Amino acid sequence: MKMGEPKTPLSKILTAPSCTPGGTKVREEKIMVMVRVRPLSSREQAMYDLIALECPNEETVVFKNPNDERPCSSFTFDKVFSPTCVTARVYEGGAKDVALSALTGINATIFAYGQTSSGKTFTMRGITEYAIEDIYQYMQNHPERNFSVKISALEIYNETVVDLLNRNSGPLRLLDDPEKGTIVEKQVEEVVKDSQHLKHLIGICEAQRQVGETALNDKSSRSHQILRLTIESRLKENSGRVKSFVASLNLVDLAGSERASQTKSAGLRLREGSHINRSLLTLTQVIRKLSGGKRIGHIPYRESKLTRILQSSLGGNARTAIICTLSPAMSHVEQSRNTLLFATSAKEVTNTTRVNVVVTDQQLVKHLQQEVARLEAELKSPVPTSSSALKALLVEKNVKIQKMEREMGELKRQRDLAQTQLELERSGRKEKKESNNSSPSHQVKKCLAFPSDTILSRVTLETQERNKAGRQSMLRQSVSSTDPSHLVQEIRKLELLQRRLGDEANKALDILQKEVACNRLGTQDAAENVAKLLSEIKNMQILNSISEDIVVKDTADLKEEIIRLNTQGQTIESLEKKLEIVQNSVDRLVCALGDNENTPDSKIQSKRKKGIPFNLTNSPNMSTFIRAPCSPLSSSRRVMDEIGNTIADNQSTNDSLPSSCKSTPLKGDQVGFSHSSRENTPSRQKQNSVNVKKMKKMFNNTLEETARNIRSYVTELKERVAKLQYQKQLLVCQVLELEAGETATTSHEAVDQSPFSWLLIFEEQKKQIVMLWHLCHVSLVHRTQFFLLFRGDPADQIYLEVELRRLTWLEQHLSDLGNASPALLSDEPATYVSSSIKALKQERENLAKRVSSRLTPEEREVLYRKWDIPPEGKQRRRLQLVNKLWTDPHNMEHVQESADIVAKLVGFCESGEQLKREMFELNFKSPCDKKTWMGWNLISNLLHL
Ligand SMILES: Nc1ncnc2c1ncn2[C@@H]1O[C@H](COP(=O)(O)OP(=O)(O)OP(=O)(O)O)[C@@H](O)[C@H]1O
């Protein structure tokens, strides 16, 4: 018989193996329970006993009682062997695997349980014989290992332990060993030479065993017999690895439970029977307690010597198989039922098995030396091994894992995106081939659909260069499907806008000039500057007039259009230069106004300036200026209100003031005298003088602010021109591409069409935008919307570019203001920055209020832990959390997390409101520049009237 490796039926393995500290595997396994029904004995047949048991299949046994009307009860087990099954089949059916486990270092126990004369000894003899054969066969098949087999044997007779290999030793004591469990003191253990020797020794044990005759069995075993084979196996070549195992195979033939009435026992046999029944009862109780699954409460192992010795096999470190033997006779039905109930409990008992590794002295010494060396090294170097340090390492590891998972997610996203782009590109090419006259692409429409009041940032060479490659690629894609007449119409619309801008600039400067002239305000320099401005703006108008003569035809001649646009390109550049000059002029004007008081000239003119407030009320454009450049909350409005109040006060104290004084411009130095002619008291003089000074100061402030607003206005004009120029460039590119035709397009297709190149540009732009948001104190909600919406789709390109330009300009503008002359500084940069910071602070506070309602307590707790927010802090935890959002522009992981949290707080996803690109419409409004844009809107609206 060829020996295979011992196997465990899968159904018996409850849990996956896990590692013990010693490195061996531990697994839980239920006791294997088999039932064997013997044939009717000759005695039973002679008594015409009926068969009460049937085995319909290999797992079921059924009671069949013709005299009983109760329904048949059936029992299922791992294996059921009918009376026709030979012992070899019983062995192969389950006992074999268990027996051979001992060869691989796993303890094993096989025992037979059943009433007297049910066939326990008959079965166990056969099992032992087959096991011995297989064990030695296995050894032969594994020459690389050295095996050693030892045998010990004992019987428990009337609760006395007797050594079957040394009967003269008398009763043996049971001892408790902390490592080995229960051991039998002074028990002889014979080293087995070979299988024959083993069989011989087992024969001696059999011969030594207490056997007696009963009414049911001529050779009834009156004791429990335990044969123990201890098998040690070691690899012949010792490679330093632990490769030695040791395990015991217990082959247990129990004495049979018996009824005195049936066995007709008396005297000695009766006493034996009572001991047997008592120890079997304890076994039954142990099994029943263990079968509950949980080892709660006391397991009465110690109540019998049998259960003490078998303790490790019952719920301990051993694979156990129980063969329950049954007589099929009707006369033994009750005993058989008890046996089956025992078997049913036994199949619920779980053992925990592991490989018993033998560590040789040599290996132990080597291992200990290594351990000592390791401990010494630890002592020398202060490596953190404390639990807190380990915890920190664990956290760090988890963070790394999370990061890697996120990176993986991002990579997957990029891969999917690239694939989608590739597919789009392919289908695009296909469509392009099919029709060259398709409708304008969505992308181009978006490029051209700039709202008229969109404010674009200044076009810088750097930003153009930065994304030139990507943009051109996009343009190439869009051009081929653009209707030429549509392009020309768009160009015309832009030109119209451009002309209107020129008009607006002109009107604004005209107003300024009138004010200055009317009020004789400022120095000679200021007047000159204004005059200069006027001529400059007129110059711009001349440039613009070039395009006014051109009539838009329904069908555009593209060649003409290109030539014209090329010329226009130059004029736009000129216009931009002119605006630059205008802006500088306004700057000088503001400087002149600011310096006015400090110059010698200003002292000379100070007397004249005392009359300015009164003159100002008669200025034809005064109302315009009060309303125009400043918001209703602006300082100029407040100043004018104060002036009005002062005048009212004066008027109330002086009703007889000549009406002409209220409407006719007066010389500054006349003001004081005018009042003093009526009530020329020193106190009144002093009061008037204070009022005039106050008014003068306030008026100067008003003018300065006005000039600054004009400067902002001109800056905005420049922005618009920049935008127009950019749009024109786009259109010129498109027209040129169209003109170049299919050949050029095809040759371009090979260049820079890769979606990956766009993704690189996208990532770069995204980082720049995030940094600029941070520098410009842009709203967190805006950042979140933008960040979550634009994820790298090629159609996002125009939005990213516009945002980048707007922010670049804003940041540049803020730093320009910071570097401007002291006169310019005043409170403007402070207003810009402080108002945006204030708005951001307010926004954070509002978001913090949503933390409790939008996040569950668990989510909050996770976030507090993740973002390192202590329970006790100066601020409330939710505000601390929100204050940490969007604070690290260098860390894209932080940015992503911040966006996710803000999105949740604001409810972008829940509300079902999908974020749409169109919501941006290239028309971003930043909270930090509200005042400036408000002013601009007011001026703009006014001038359009
Ligand atoms: N499966 C079987 N096939 C044929 N004969 C069997 C079978 N099982 C047992 N016998 C016979 O039944 C008789 C009783 O068997 P056995 O001594 O093994 O019972 P037992 O359970 O050990 O009894 P006890 O507990 O009294 O020692 C024996 O003569 C044996 O040969």
Side-chain angles (χ1 to χ4, degrees), residues 34-47 49 51-55 58 61 79-95 110-130 155-158 164 202 205-227 251-266 268-281 283-284 306 322-329 331-332 334-336 338-340 342-343:
M34 294 172 278
V35 167
R36 185 182 193 188
V37 183
R38 69 160 166 76
L40 280 174
S41 67
S42 52
R43 193 177 275 120
E44 288 159 350
Q45 283 175 3
M47 291 171 72
D49 216 339
I51 291 179
L53 287 173
E54 269 183 8
C55 305
E58 286 201 340
V61 60
K79 283 279 175 193
V80 170
F81 302 100
S82 67
T84 55
C85 286
V86 293
T87 306
R89 200 159 151 205
V90 177
Y91 172 73
E92 291 288 337
I110 302 169
F111 64 87
Y113 176 95
Q115 75 160 123
T116 183
S117 81
S118 60
K120 297 183 291 297
T121 307
F122 180 87
T123 301
M124 282 312 296
R125 273 189 192 143
I127 297 287
T128 306
E129 221 166 283
Y130 289 122
E155 73 171 347
I156 305 167
Y157 176 70
N158 289 344
L164 290 174
I202 290 172
C205 296
E206 291 276 335
Q208 297 292 323
R209 192 178 177 189
Q210 295 284 347
V211 177
E213 189 183 343
T214 66
L216 293 179
N217 192 350
D218 296 339
K219 291 182 178 175
S220 177
S221 306
R222 309 312 293 162
S223 66
H224 308 302
Q225 177 190 269
I226 301 171
L227 291 178
L251 299 161
V252 184
D253 179 17
L254 298 176
S257 58
E258 57 191 42
R259 282 187 175 172
S261 57
Q262 284 184 323
T263 53
K264 300 193 171 67
S265 314
L268 180 65
R269 292 287 169 261
L270 189 63
R271 197 157 64 92
E272 287 168 356
S274 107
H275 279 295
I276 292 166
N277 284 346
R278 204 179 305 148
S279 62
L280 289 175
L281 182 68
L283 177 66
T284 309
L306 175 70
I322 299 177
I323 305 166
C324 293
T325 52
L326 298 171
S327 160
S331 57
H332 299 305
E334 282 311 309
Q335 289 280 39
S336 298
N338 288 338
T339 303
L340 289 172
F342 171 85

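All values derive from a computational prediction rather than experimental measurement. One-based numbering, in listed order, for ligands and for the atoms of each.
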The protein residues that pass the under-4.0 Å heavy-atom test against ligand 1 are R36, R38, P39, Q115, T116, S117, S118, G119, K120, T121, F122, N217, S220, S221, G256
Those residues at least two apart in sequence (or on a different chain) that pass side chain to side chain contact (heavy atoms under 4.5 Å, CB included) with A343 are V33, F77, C324
Steps toward side-chain hydrogen bond (donor to acceptor under 3.5 Å, both in side chains) verdict (E44, S41): CA-CA 5 Å; E44 288 159 350; S41 67; 3.3 Å; yes
Test side chain to side chain contact (heavy atoms under 4.5 Å, CB included) applied to M124 and V252, T325, I110, the passing residue: I110
Do the charged groups of R43 and D49 touch, with an N to O distance under 4.0 Å? no
Residues E155 and R222 bridged, charged N to O under 4.0 Å: no
Within this structure, what is the CZ-CG distance for the pair F81 and L326, rounded to the nearest 0.5 Å? 12.5 Å
